[in-house]
2 protein chains.
Amino acid sequence: MRKEREIFGKYLSRHNLRDTPQRELILDAFLKREKHFSAEELYDIVKKSDPSIGQATVYRMLKLLAEAGLAREVDFGDGVMRYEHSYNHPHHDHLVCRECGKTVEVMDSVIEELQKRVAESFGFELTDHEMYLYGLCPDCRRKTQK
Amino acid sequence: MRKEREIFGKYLSRHNLRDTPQRELILDAFLKREKHFSAEELYDIVKKSDPSIGQATVYRMLKLLAEAGLAREVDFGDGVMRYEHSYNHPHHDHLVCRECGKTVEVMDSVIEELQKRVAESFGFELTDHEMYLYGLCPDCRRKTQK
DNA sequence: CATTTATTGATAATGATTATCATTACCATC
DNA sequence: GATGGTAATGATAATCATTATCAATAAATG
Ligand SMILES: [Mn+2]
Ligand SMILES: [Mn+2]
Ligand SMILES: [Zn+2]
Ligand SMILES: [Zn+2]
């Protein structure tokens with residue numbers, strides 16, 4: 001929380017960027033936010049505090065947050081880019097319910113190791129990966145089976 | 001090749017859809033095509049044989065091919081949907097070079113098994129998944145390191 | 001204060017995909 | 001082979017998330 005603000009502040013000054021009320025407002029909203037969210041969703045939240053804010057500013061700010069290492073893009077394949085916290089939130093993958101959209105964050109170090117090995121077996125140097133596991137969550141399984 | 005045509009023919013009649021010269025043409029182009037391609041790319045190919053064909057027809061046909069089980073969508077995350085053969089091309093994942101875009105099809109049954117297990121550990125019933133491994137291909141590694 | 005440079009928000013543009021719709025092609029029945 | 005019903009096509013407009021543009025504003029600098 002404090003640490004994230006410090007990181008962003010340093011990012012701004014290192015890049016000759018300015019600290020503005022809009023950026024502060026969006027940063028606050030971002031830091032409060034848990035889970036995954038789209039630019040539009042963050043815009044709606046921020047608009048309540050300052051209706052004059054432009055959505056372009058929110059899009060721009062999310063780019064900055066990603067570059068500063070505080071945010072990470074998540075693409076669930078529905079045509080809308082989402083974001084999640086990156087600081088103190090190490091890499092993980094996602095389990096997604098096809099029915100209700102619920103997501104669970106998962107991480108399996110054996111899979112991660114095997115991914116690296118598969119890439120190497122083709123001479124590739126693995127830099128990152130995306131893995132989305134789709135299925136039915138417990139709730140939706142119950143509803144479907146009855 | 002013959003078999004695919006038969007499957008598509010059955011799909012058409014089962015759904016009260018008609019066999020048309022446009023569909024034949026697109027089907028031919030699709031069957032000849034190896035690797036992954038976008039609707040636009042297929043449209044460009046097909047246009048050479050019949051310049052009067054509409055791109056909407058190509059988009060529509062790709063939907064049909066997917067529903068008939070002959071094609072499968074592949075999303076490399078660059079905003080363009082691609083397709084690949086589905087018949088006689090069992091499930092696999094993709095290794096993608098971040099530099100030149102080259103792709104390699106990979107398949108690791110241990111990973112597949114672990115994915116199922118991870119999903120089950122959260123009470124999910126796994127239906128499918130996407131996995132993209134990104135990195136540098138051998139050629140691009142060489143160029144970068146020198 | 002004056003000048004420079006960054007920032008903002010409104011708005012237009014983009015680009016892939018989808019929807020619309022009038023026209024055309026196909027099929028079965030009379 | 002005329003007719004009525006339905007499917008298919010292609011041109012075009014619409015969609016929708018994201019980017020680009022740009023004139024107006026604000027911050028920093030000296
Ligand atoms: Mn996450
Ligand atoms: Mn493939
Ligand atoms: Zn669910
Ligand atoms: Zn490469």
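Order of the sequence lines fixes the chain letters, A, B, ..., with proteins taken first and strands second; residue numbering starts at 1 for each chain.
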**Item:** Of D19(B) and E40(B), the one whose closest DNA chain C nucleotide lies more 5'
**Value:**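 Result: E40(B).
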**Item:** Residue met sooner reading DNA chain C from 5', once A56(B) and D50(A) are mapped to nucleotides
**Value:**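 Its nearest nucleotide lies further toward 5', so the answer is D50(A).
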Provide, to the nearest angstrom, the distance between the [atom1] atom belonging to [X] and the [atom2] atom belonging to [N].
X	N	atom1	atom2	answer
M61(B)	dG10(D)	CE	P	12 Å
R23(B)	dT24(C)	CZ	P	19 Å
Y43(B)	dG15(C)	OH	P	17 Å
Y59(B)	dT12(D)	OH	P	17 Å
D78(A)	dA17(D)	CG	P	9 Å
L17(A)	dT8(C)	CG	C1'	14 Å
Q22(A)	dT8(C)	CD	P	5 Å
K47(B)	dG10(D)	NZ	C1'	13 Å

**Request:** Consider the side chain of I53(A), meaning its heavy atoms from C-beta on, and name the nucleotide among dG10(D), dG9(C), dT5(C) that approaches it most closely.
**Result:**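 Within the option list, the nearest is dG9(C).
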[X] bridged to [Y] by N-O distance under 4.0 Å:
X	Y	result
K102(B)	D139(B)	yes
K63(B)	E67(B)	no
E6(A)	K10(A)	yes

**Request:** Specify the residue among R18(B) and Q55(B) whose closest nucleotide of DNA chain D lies further upstream toward the 5′ end.
**Result:**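 So the residue in question is R18(B).
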**Asked** Within the modelled atom types, does a donor on one side and an acceptor on the other bring the side chain of R60(A) and the base of dT7(C) under 3.5 Å apart?
**Response**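 Checked by distance alone, the answer is no.
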**Request:** Could you pull out all residues at least two apart from E84(A) that satisfy salt bridge (charged side-chain N to carboxylate O under 4.0 Å, His left out)?
**Result:**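 Residues passing salt bridge (charged side-chain N to carboxylate O under 4.0 Å, His left out) with E84(A): R72(A).
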**Message:** With a cut-off of less than 4.0 Å, is there a side-chain N or O of K63(B) near OP1 or OP2 of dT17(C)?
**Reply:**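 No, outside the criterion.
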**Asked** Any side-chain N or O of T20(B) under 4.0 Å from OP1/OP2 of dT9(D)?
**Response**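 For dT9(D), OP1/OP2 do have a side-chain N/O of T20(B) under 4.0 Å.
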**Asked** What is the nucleic acid contact for S52(A), judged by heavy atoms within less than 4.0 Å: base, sugar-phosphate only, or nothing?
**Response**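 Sugar-phosphate, no base atom in range.
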**Prompt:** Strictly by modelled atom types, are E4(B) and H85(B) linked by a side-chain donor-acceptor pair under 3.5 Å?
**Reply:**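 Their side chains do not contain a donor-acceptor pair, so the 3.5 Å distance test is not met.
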